[in-house]
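Heads up: the structure comes next, in structure tokens.
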Amino acid sequence: MHHNYVGKLVKINLFDNMQINMKKNKVFNLIKPSINEIAKYVPGESKISGAKNVIKLSSNESPFNIPKKIYKIAGKLIEESNLYPDGDSASLKLSISKKFKINRNQIICGNGSDDILSLITQAFGRENSEVICSEYGFIYYPIISKIAGARVVIAESKNLSVSCENILKKISKKTKIIFIANPNNPTGSIIFRNELKNFLGRVPNNIIVVIDGAYSEFVTDKSYSDGIDLINNYENVIVTRTFSKIFALAGLRLGWAYSSKQIIEILEKVRGPFNVNLFAQRVGSLILEEKNFLKKSVAHNHLWQKKLTKFINLLGLDAKITYANFVLIKIDKKRYNKSVILKLLLKNKILIRDLSSYGLGEFIRVSVGSSKQMNKFLQVLKGIMNNNAVKKNK
Ligand SMILES: Cc1ncc(COP(=O)(O)O)c(C=O)c1O
């Protein structure tokens, strides 16, 4: 009797397992095949367990806190949190329209610019369509394209920069969207205005071109265009922007896009009903008025773009020219052991971005932090590069 009982139990367990497996397979069969191809987005590391005073240079955030006078206003907002925020983000749109001198009916706001990028693929991507992304580009574009069911076509980059020529070559009858980050993450390169205009003129106007300007504010070169001045000439272009970088609001999640009225109307239909929270809307408006904060952040970044590149190159590494708030560094695998360098940085509580998952096995990316963080980083890196354990031909 007892034996039978145990036997029965075992049987039930086996059956349960089978059912679970069947269910799992069923779920996999239910979803769009392209979703099965997605590798989950892994953000830059943010913590070392148990460690304090970690220097986080892995996600291109601002090293600055927003001005203190905004804290009080933001804190008060908690009293309104029983009510939904304004679904249209009307007041924020007005602030953006004033700051960037654009029409407020041509703006959409989102829960970070990644929300808006995803609205774009939901609206314009579909099964049997293609989305073109640049090699060594932002890893979220392929993810959202596949979620929409589209096939991702990769255009080869040229000297670690986005190649407009190679993108044009990849255009087919199935192309619906082209993603370009300008400046590009993780390489820090830019496309200059003339090249961008030439490119837009050659893309058929039934293809959406997204110009992702997450790092636009950091560019001081006069031959650069963030694309905003081109919107009224190209009805198929969408410029996306974020408050996560120069405006130091990565934790609040706020982004926006600017495009033709028709495209914005479409995206407004696709977005969530209250996609931007109360805090993001109000604080976003307030930070746009902080001209000195913006100025200080641009100047700080400009200084460290140059300093970082120079010092890193003096240490025998190869830091690429950057237009954004991070620097791409090549660690020659013939000369140095990258994994030992990464380990030693971690030991010193410094987090940077290993770019192996971007297909850049010999590279790392380091964000511009505060001056204190940068000095510490350079001092630690100097020590590491003098350590024989990192050298291959000792
Ligand atoms: C090129 C690019 N676009 C968009 C984003 C997303 O920014 P957010 O969703 O915080 O606005 C990032 C973030 O790192 C980025 O590098």
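Excluded from the calculations below are hydrogen atoms, water molecules and symmetry mates; all remaining heavy atoms, backbone and side chain alike, are included. Along the sequence shown, the residues carry numbers beginning at 1. When a ligand or atom number is given, it counts from 1 through the structure's own listing order. These figures come from a predicted structure and were not determined experimentally.
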(Q) Starting from atom 12 (C) of ligand 1, what is the nearest protein heavy atom, named by residue and atom, and what distance separates them? (A) Phe138 CZ, 3.4 Å
**Q.** Residues Asn182 and Asp212: side-chain donor-acceptor under 3.5 angstrom
**A.** no
(Q) Does the residue Asn60 have a heavy-atom contact with ligand 1, meaning some pair of atoms that are separated by less than 4.0 Å? (A) no
Q: Salt-bridge test for Lys320 and Asp318: reply yes if a basic N is under 4.0 Å from a carboxylate O, no otherwise.
A: yes
**Q.** Lys338 side chain vs Val390 backbone, donor-acceptor pair below 3.5 Å
**A.** no
Q: Check if Ser113 has a non-hydrogen atom at a distance under 4.0 Å from any atom of ligand 1.
A: yes
Q. Going by the atom numbers of ligand 1, which of them fall below 4.0 Å from some non-hydrogen atom of Lys245?
A. 13 (C), 14 (O)
Q) Within the distance-only criterion (no hydrogens, no angle test), does the side chain of Asn313 pair as donor or acceptor with the backbone N or O of Ala319 below 3.5 angstrom? A) yes
Q: Below 4.0 angstrom from a heavy atom of Tyr215, which ligand 1 atoms are there? Numbered from 1 as shown, please.
A: 1 (C), 14 (O), 15 (C), 16 (O)
Q. How about Ile341 and Ile331: do any of their side-chain heavy atoms sit closer than 4.5 Å?
A. yes
Please report, to 0.1 Å, the donor-acceptor pairs under 3.5 Å made by any side chain of residues 128-135, with sequence neighbours excluded.
{"residue": "Ser129", "atom": "OG", "partner": "Arg126", "partner atom": "N", "Å": "3.1"}
{"residue": "Ser129", "atom": "OG", "partner": "Arg126", "partner atom": "O", "Å": "2.6"}
{"residue": "Glu130", "atom": "OE1", "partner": "Ser172", "partner atom": "OG", "Å": "2.9"}
{"residue": "Glu130", "atom": "OE2", "partner": "Arg151", "partner atom": "NH2", "Å": "3.2"}
{"residue": "Glu135", "atom": "OE1", "partner": "Ser157", "partner atom": "N", "Å": "2.8"}
{"residue": "Glu135", "atom": "OE1", "partner": "Ser157", "partner atom": "OG", "Å": "3.1"}

**Q.** Donor-acceptor contact below 3.5 Å, side chain Gln281 vs main chain Asp86
**A.** yes
Q) Looking at Asn185, which atoms of ligand 1 are within less than 4.0 Å of one of its heavy atoms? A) 1 (C), 15 (C), 16 (O)
Q.
One residue to check: Asp212. Relative to ligand 1, which of side chain, backbone, both or neither has a non-hydrogen atom less than 4.0 Å away?
A. side chain
Q: State the atoms of ligand 1, each with its element, that fall below the 4.0 Å cut-off from a heavy-atom position in Thr242.
A: 8 (P), 10 (O), 11 (O)
(Q) Pairs of nitrogen or oxygen atoms closer than 3.5 Å, one from Ser244 and one from ligand 1: do any exist? (A) yes
Q. Does any N or O in the side chain of Asn375 come within less than 3.5 Å of the main-chain N or O of Ser371, such that one atom is a donor and the other an acceptor?
A. yes
Q: Have a look at ligand 1 and work out which part of Tyr140, if any, has a heavy atom under 4.0 Å from it: side chain, backbone, both or neither.
A: neither
(Q) With heavy-atom distances below 4.0 Å as the criterion, list the atoms of ligand 1 near Gly112. (A) 9 (O), 11 (O)
Q) Can you check whether Arg253 has an N/O within less than 3.5 Å of an N/O in ligand 1? A) yes
